[in-house]
Amino acid sequence: MKATIIRYGLLVLTTGTLWLTGCRKFLDESDPSNYTEDSYFTKPEHARASVNAIYAALRDPMSGDFGGAAWTMTEFATGQAATDLGQAVNSYYIKDLHNTADNGYGENYWRNYYKGITNANLSIAKIPQIKMDQTELKRLLGEAHFMRAWYYFNLVQLFANIPLVTEPVDLKSEQIRPKQAPTEDVYKLIVDDLIFAESAGLPWVDASGKASLGAVKSLLAKVYLTMAGYPLQKGAPYYDLAAKKAEEVLDSKQYKLFDTYYDLHNPAKKNVEENIFMIQYKTQVIPGSWQSLIIPYNKNISAYSAETGGIYATEAFVKSYDPADLRAKEGQFFFTEFTNQDDRSQKVALGGYFLYKLFDVAAQTSTANSDLNWSLIRYADILLVYAEASNEVGGPGAKAYDAVNQIRTRATLPALTGLTKDQFREAVWRERWYELCFENVTWFDMARLRKAFNLTTKGFDNYVGHKFSYGPVLTERELVFPIPSTELRNNPNLVPTKGY
């Protein structure tokens, strides 16, 4: 993917790369070296470049350092994340349930994901006019529809009442200040986009990291599962749709769990086996940007100059794992000690449970330039989607047991057996909490289920009224994040989020 940005339907070509420009007057001049949306989309390579631009917005929320990073937003909202980074005030506002519409994390997601949607809308509108191979044209449109669905699915879960923009927007458009759309309409577009992408001829797996048929079907399964729960509460028919779509991924035999947890953060395993869809990074080109955030504050263990202590797991969460669970063992999902940067024969106690599942060993110990991708959808998630959804439809069948027990077997836990429907439901939820922690999944599960994991009882509390292990209590307002105040000021047609 190229780091390409298109906004307001306008393009500028500079040394072979597309860059954002906001100067309409400049673009209206007749200089033939300047491209407009009408003059640019003339060659097949323009189509590919415009679709590449859609992916770029995925990376921005991942970037962070001493100021924190937007991707941590949904992790602090679970009550299972801690931080030592005092100056990253946005982290504390969310962690301690004092969030406001001025929080820069939410603004980062809103701004960048709508940028991605803008780029998708432009590609969807303009690529069909290009004379090119029709098979490739349809695949490119499939990627564009998938990415638009991805951005909208995340935005509607995060902010609930959001604008729905499906056409290119320029500075003269009526949609430059759009109103919010009914949530049902947003989900309809998401489903329609993914159904289109399913029939676009995409390969089941794409080792280069572009959208694949496996990613499309996996996302559609997750969308249906969410629609079955809150806020739409479509129930059994959508659990059935989720189960069937996840089953297609399972039955394809294109994916499998990694043999070891190390492969979750092994750059050699990009876009293959368990990794269904990822944000793409490349060392020395566009390196992964979260490594300094996940290491302890000033413990001198890393080749990075910044050791921030930006995010790590609470002790209460890690201690809630079964003592036999491999995931909670040292150097699996978490680590509490590491070697000294100046003398790798010496061990340093880190003072907390840091996130080894996100840790790039080569970058941290030598290069300070990460080649690690960020996983957005992995096969473990889809196994658990299938197990949960199929249980809701007809109780715990053999295939549902097999799906969840694949996760447990890798964790060296005994297989589940002989459970009631209610027992199986909570068993699958627990596996989701433990397996997918710190991957921007848990809070979305909390919101769709209206449940939170009680680290003491190992059961599930109602979301509203759940008390975090360190004190704060969730209220109804925390079921969504606030529409950013910058957007409210720029667009008077937006209604502020209730409670903020």
Side-chain angles (χ1 to χ4, degrees), residues 1-4 43-59 116 119-120 123-124 127-128 130 132-153 190-224 241-242 244-258 263-264 266-282 285-286 371-383 385-386 403:
M1 304 173 199
K2 298 179 182 177
T4 309
K43 299 178 181 180
E45 52 265 36
H46 296 167
R48 178 74 262 173
S50 76
V51 172
N52 286 347
I54 304 169
Y55 293 91
L58 290 172
R59 295 193 189 98
N119 292 346
S123 292
I124 290 167
I127 286 176
I130 299 175
M132 61 182 295
D133 178 80
Q134 290 300 296
T135 299
E136 177 63 11
L137 184 149
K138 192 170 184 180
R139 286 180 179 176
L140 288 169
L141 290 176
E143 290 182 50
H145 280 277
F146 169 82
M147 289 305 302
R148 185 168 70 176
W150 173 270
Y151 290 128
Y152 268 126
F153 182 47
I190 293 166
V191 171
D192 288 347
D193 272 347
L194 292 174
I195 289 174
F196 178 95
E198 267 193 303
S199 63
L202 298 172
W204 262 102
V205 177
D206 191 313
S208 71
K210 296 189 290 293
S212 66
L213 183 58
V216 173
K217 289 181 181 292
S218 296
L219 183 56
L220 191 50
K222 289 169 66 71
V223 169
Y224 285 144
L241 288 169
K244 288 176 178 175
K245 198 56 58 179
E247 189 173 28
E248 290 179 33
V249 179
L250 273 57
D251 289 349
S252 74
K253 307 298 184 184
Q254 298 293 317
Y255 305 99
K256 65 176 184 177
L257 296 180
F258 291 132
D263 282 337
L264 294 176
N266 178 2
K269 294 290 188 176
K270 293 179 178 182
N271 310 316
V272 297
E273 297 181 14
E274 190 165 349
N275 287 319
I276 296 176
F277 185 58
M278 311 183 83
I279 304 176
Q280 304 300 301
Y281 292 96
K282 180 66 176 176
V285 180
I286 304 177
D371 198 37
L372 193 63
N373 282 354
W374 180 275
S375 184
L376 295 173
I377 305 175
R378 62 184 176 95
Y379 187 55
D381 188 356
I382 306 308
L383 285 169
V385 167
Y386 174 77

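Everything numeric here is computed off the predicted structure, so don't read it as measured data. Throughout, numbering of the chain's residues begins at 1 and tracks the sequence.
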Counterpart residues, side-chain contact (heavy atoms from CB on, under 4.5 Å), relative to [X] (two or more places apart):
X	result
D371	P267, K270, K282, T283
A380	L257, E274, R378, I407, R410, E435
E198	I195, L213, V216, K217, L220, K245, E248

Reported [atom1]-to-[atom2] distance for the pair [X] and [Y], which is rounded to 0.5 angstrom:
X	Y	atom1	atom2	answer
L194	L219	CG	CG	5.0 Å
K256	L383	NZ	CG	13.5 Å
M278	N373	CE	CG	4.5 Å
R148	I190	CZ	CD1	10.5 Å
Y281	L58	OH	CG	8.0 Å
H145	L202	NE2	CG	11.0 Å

Any heavy-atom pair between the side chains of [Y] and [X] that's under 4.5 Å?
X	Y	answer
N275	Y379	no
R48	K43	no
K210	Y55	yes
V191	Y224	yes
F258	E273	yes
I127	L137	yes
Q280	N271	yes
E143	I54	no

Task: Partner set under ring-ring contact (aromatic ring centres under 6.0 Å, His included) for Y151, not counting sequence neighbours - done: Y113
TODO: Output all residues satisfying ring-ring contact (aromatic ring centres under 6.0 Å, His included) with Y152, sequence neighbours left out; order by chain, then residue number.
DONE: none
Where is the tightest heavy-atom contact between [X] and [Y], given as atom of each residue plus distance?
X	Y	result
V385	A246	CG1-CB, 4.1 Å
F196	G142	CE2-N, 3.9 Å
G214	Y255	CA-OH, 3.2 Å
P44	I130	N-CG2, 3.9 Å

Open item on the list: Go through it in stages, so that I can follow the logic: the residues are Y386 and V249, the test is side-chain contact (heavy atoms from CB on, under 4.5 Å), and I'd like the CA-CA distance, side-chain angles, deciding distance and then a yes or no.
Closed with: CA-CA 9 Å; Y386 174 77; V249 179; over 6 Å; no
- [ ] Decide side-chain contact (heavy atoms from CB on, under 4.5 Å) for L376 and W150; before the verdict, give the C-alpha distance in whole Å, the side-chain angles of both, and the deciding distance to 0.1 Å.
- [x] CA-CA 10 Å; L376 295 173; W150 173 270; 3.7 Å; yes
- [ ] Give a yes or no answer on whether the side chain of S123 reaches the backbone of A120 with a donor-acceptor pair at less than 3.5 Å.
- [x] no
TODO: Please answer whether the main-chain N or O of E136 pairs with a side-chain N or O of D133 as donor and acceptor at a distance below 3.5 Å.
DONE: yes
Task: side-chain contact (heavy atoms from CB on, under 4.5 Å) evaluation trace for L264 with K269 - done: CA-CA 8 Å; L264 294 176; K269 294 290 188 176; over 6 Å; no
Open item on the list: Does the plane of the ring in F277 sit parallel, tilted or perpendicular to the ring in F146? Use 30° and 60° as the thresholds.
Closed with: perpendicular
TODO: List the steps, then state whether side-chain contact (heavy atoms from CB on, under 4.5 Å) holds for S218 with I377.
DONE: CA-CA 8 Å; S218 296; I377 305 175; 3.9 Å; yes
Task: Residues that R139 engages under side-chain hydrogen bond (donor to acceptor under 3.5 Å, both in side chains), provided they are two or more places apart - done: none
